Structure formats: C-alpha cells, structure tokens
Number of protein chains: 2
Amino acid sequence: MAAYFALMEVGNLLQHAVEQQLRDDGGISYVQFQILATLADEPDGRLRMTDVADRLVHSRSGLTYQATQLQKAGLLIREPSADDERSTVVVLTPSGRDLLVRVLPAHVDVVRQVLFEDMDRTDVTVLADTVGRLRDRMRAAPPRSARRPR
Amino acid sequence: MAAYFALMEVGNLLQHAVEQQLRDDGGISYVQFQILATLADEPDGRLRMTDVADRLVHSRSGLTYQATQLQKAGLLIREPSADDERSTVVVLTPSGRDLLVRVLPAHVDVVRQVLFEDMDRTDVTVLADTVGRLRDRMRAAPPRSARRPR
DNA sequence: TATTGTTATACTCTATAACTATA
DNA sequence: TATAGTTATAGAGTATAACAATA
C-alpha cells in the first residue's frame, strides 16, 4: 500500500507540474497533449476515434469533446474512414505537429527537474522497466469504450 | 521519457480503477478519499485546512469546496483552532472513520489486482523504494497554497 | 444486432480574485 | 503586512443516455 500511495502522489504532483507547463507554453491541457502525442506516435499520424479513446481511457463522448476543441485550434482534423464508413479518423495537422515540437523541450525539462533530479541511471532504468511492464499488462485489460452499459 | 510516459499512464489507469471502486462502495471521489485518509493518518484525526491543502496539492478554495461536501455527508467537521483564531481545524468523525474502514478492504483488493497482480516481491520493494524517495523529495518543494499571485 | 461517433444534458470539480478576520 | 479561510464566479471537463448511420 505504501508503494501505491507514493505512486499516486508522485503521479499527481508530476501531472500538476507538466499541466502548468503545457498550459503556459502551448495553451493545451494534459489530456490534449496526450491525444496529440498519441497521434504523433503513429507512423502516419492518424488513428480512429475509438482507438484513441481506448488508449487514453476515455469515454467516446469525452474524446469527441476534446477532438472538437483541438480541431477548432487547428491542431488536428477529422475525416471519414475509407474502409469503414462508420468510423472517423483523426489526423494530426502540421500545426499540431509544430505545437508538439515547440512544447516538447520545456516539457522534457520539467520532467527532468521534477522527476529525475536526484535519480541515478540505475534508478531510472529500474523505474522505466517496472512501470513499463505494468503499463503493458494494464493495457491488455478490456478497453474502456467496450464496456456495456448497466 | 519512456519511464515518464509509462508512469503517467499507469497512474491514470490505476486512478480510474480505484475511483470507480470508491464511488460504488463509498459514494466518494478519490480526492475525498485522500482527504479522509490524510486525516486518519494523523494520531488525533485532525489537521488545519491549509495543511491538508498543501499535502494534497490543492488550492485552498478547492479544499473548502470538498470539506463542505464531506461535512454535509457527516464524514468530518470543522471547528475553530484553539491556538490561532484564523485557522480552522478539520476533524474526522466516527462516520468518516467507519466509511474508511468499510471501503478499505475492497480498495486494497482493487490495488492488488490492478497494480500488483504479476509483480513479485522484489519488484514491489524496488517500486516502493524508488517511488517513496521520489515522493519525499517532491514534498519538499514549496507548497501549493504559498504561491504568490502573479 | 453490434459498433462508431455525436449530441444533449447534467454534474463535478477546480482555480482566481475579492473579501473578512486575525497575527 | 502577511496569513487563514470563505465566497462568488466562471470555465473546463466528464460521463450517461439517446440517437443516427453503417457493418
């Protein structure tokens, strides 16, 4: 339980710190940053709405809201899918990519300062390893958007 | 950065899981659980408002809101401080303590399932150690409520 | 019938600024 | 002058349920 409580507190403190940086430097929230970063991580910068929602543990309606905000800001566009006419594909725009590039250096700095300041290399390796395996396993759990209503 | 992203994702997934459990079993949010747990952690179950706000990285007005909710629910009371008449002290009620006791077993179960399922003892120890030191250092940073307005 | 996405809606929460009272 | 706490307010975000369109 000590590990759990510490993990939650560290996560929250870190989120507060990066949230402020992202707001100041890019005018976006952490969730919006996650959406952009998730898209940027794809080879072609495009994903289906539902796939984004699943990765970020969001309801689909919540993602629709955020996608609308990001589209208004010109950071992504939505277009119909070619293979499945029910689907909408979200595509990162050049501005969206620019914003990420512009915001990332300071973002990395904040993370370094807040999280890694006093950690040595082995600590970081161990943390990355442990927490990376955790994430992979947790991702395997049934996705959020697939949950049946009660 | 891999460690950072994984840490954030694990934290968010975990928070979603426990939040649902707390809502279902106790009718409280995670923040409210944190407030109650913070008080229960004190020998006499009492703390000043500002001290609670600092520990939980909250604005004071945000804590006022949550304290009002919890007081309405009968889980804590607020009373004037004896030594400093500016201060308000928050005190856990018996119902508040009962709720924690009632909610905690299932809470521990969720954490065990979601977080520790496939981790062996050394993994847990290492994680607790790393993340515990991190928290201690991050706590040493200047508190949230002390930030001067721009 | 199941899945994808949006909309309408209602609610929770958070922070900023202004204010009161005490140190 | 600084600190403790509250209030008023406004905004951001979230989810549930109902819906339309497609598989």
Side-chain angles (χ1 to χ4, degrees), chain A residues 12 15-16 19-20 22-24 27-35 46-54 56-73 76-91 142-150, chain B residues 12 15-17 19-20 22-24 27-35 46-73 76-91 142-150:
Chain A
N12 284 330
Q15 183 148 350
H16 265 279
E19 209 140 49
Q20 189 176 333
L22 290 170
R23 182 66 60 196
D24 291 347
I28 55 173
S29 68
Y30 186 69
V31 172
Q32 291 167 349
F33 171 75
Q34 280 183 306
I35 294 172
R46 43 172 60 232
L47 271 176
R48 291 194 324 155
M49 289 288 284
T50 297
D51 293 333
V52 178
D54 285 348
L56 303 183
V57 197
H58 264 277
S59 65
R60 283 185 312 219
S61 69
L63 180 62
T64 296
Y65 170 77
Q66 293 295 356
T68 305
Q69 303 309 112
L70 291 169
Q71 188 162 21
K72 277 182 195 162
L76 55 76
I77 56 169
R78 277 180 284 191
E79 54 186 40
S81 166
D83 13 299
D84 186 338
E85 293 200 20
R86 292 172 302 182
S87 300
T88 300
V89 175
V90 205
V91 189
R144 200 76 187 5
S145 67
R147 277 210 323 222
R148 295 286 94 237
R150 358 179 179 180
Chain B
N12 284 330
Q15 183 146 350
H16 264 278
E19 210 139 49
Q20 189 177 334
L22 290 170
R23 182 66 60 196
D24 291 348
I28 55 172
S29 68
Y30 186 70
V31 172
Q32 290 167 348
F33 171 75
Q34 279 184 305
I35 295 172
R46 44 171 59 232
L47 271 177
R48 292 195 323 154
M49 288 289 284
T50 298
D51 293 332
V52 178
D54 284 349
R55 299 212 189 172
L56 302 183
V57 197
H58 265 277
S59 66
R60 283 187 311 223
S61 69
L63 179 61
T64 296
Y65 169 77
Q66 292 295 354
T68 304
Q69 302 308 113
L70 291 169
Q71 189 162 20
K72 277 183 194 161
L76 55 77
I77 56 170
R78 275 180 286 191
E79 55 187 41
S81 166
D83 12 300
D84 187 336
E85 292 199 22
R86 292 172 302 183
S87 299
T88 300
V89 175
V90 204
V91 190
R144 202 73 188 3
S145 66
R147 278 210 322 223
R148 297 285 95 238
R150 359 178 181 180

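Quantities reported herein were computed from a predicted structural model and do not represent experimental measurements. Protein chains get the first letters and strands the later ones, always in sequence-line order, with residue 1 at the start of each.
Residue Tyr65(B) has its side chain nearest to dT14(C) when only dT6(D), dT14(C), dA15(C) are considered. Which of dA15(D), dC13(C), dT4(C) sits closest to the side chain of Ser87(A) comes down to dT4(C). Considering only side-chain atoms of Gln66(B), the nucleotide from dC13(C), dT16(D), dT6(D) that sits closest is dC13(C). Residue Arg86(A) places its side chain closer to dA2(C) than to any other of dT6(C), dA2(C), dA12(D).
Note on Thr88(A): only backbone sugar-phosphate atoms sit closer than 4.0 angstrom, heavy atoms only; bases stay farther off.
Put simply, the side chain of Ser61(A) and the base of dT16(D) share a donor and an acceptor less than 3.5 Å apart.
Rounded to whole Å, the distance from CD on Gln69(A) to C1' on dG13(D) is 9 Å. The distance from atom CG of Asp54(A) to atom P of dT4(C) is 8 Å, rounded to the nearest whole Å. Taking atom NE2 of His58(A) as the reference point, atom C1' of dA12(D) lies 13 Å away to the nearest angstrom. Look at CD on Gln15(A): it is 16 Å from C1' on dA15(C), rounded to the nearest Å.
Taking side-chain N and O atoms only, Arg23(B) has no distance below 4.0 Å to OP1 or OP2 of dA15(D).
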Exercise. Are Gln66(B) and Gln32(B) close enough, and set up right, to give a side-chain hydrogen bond (donor to acceptor under 3.5 Å, both in side chains), and what steps lead you there?
Worked result: CA-CA 7 Å; Gln66(B) 292 295 354; Gln32(B) 290 167 348; 2.9 Å; yes
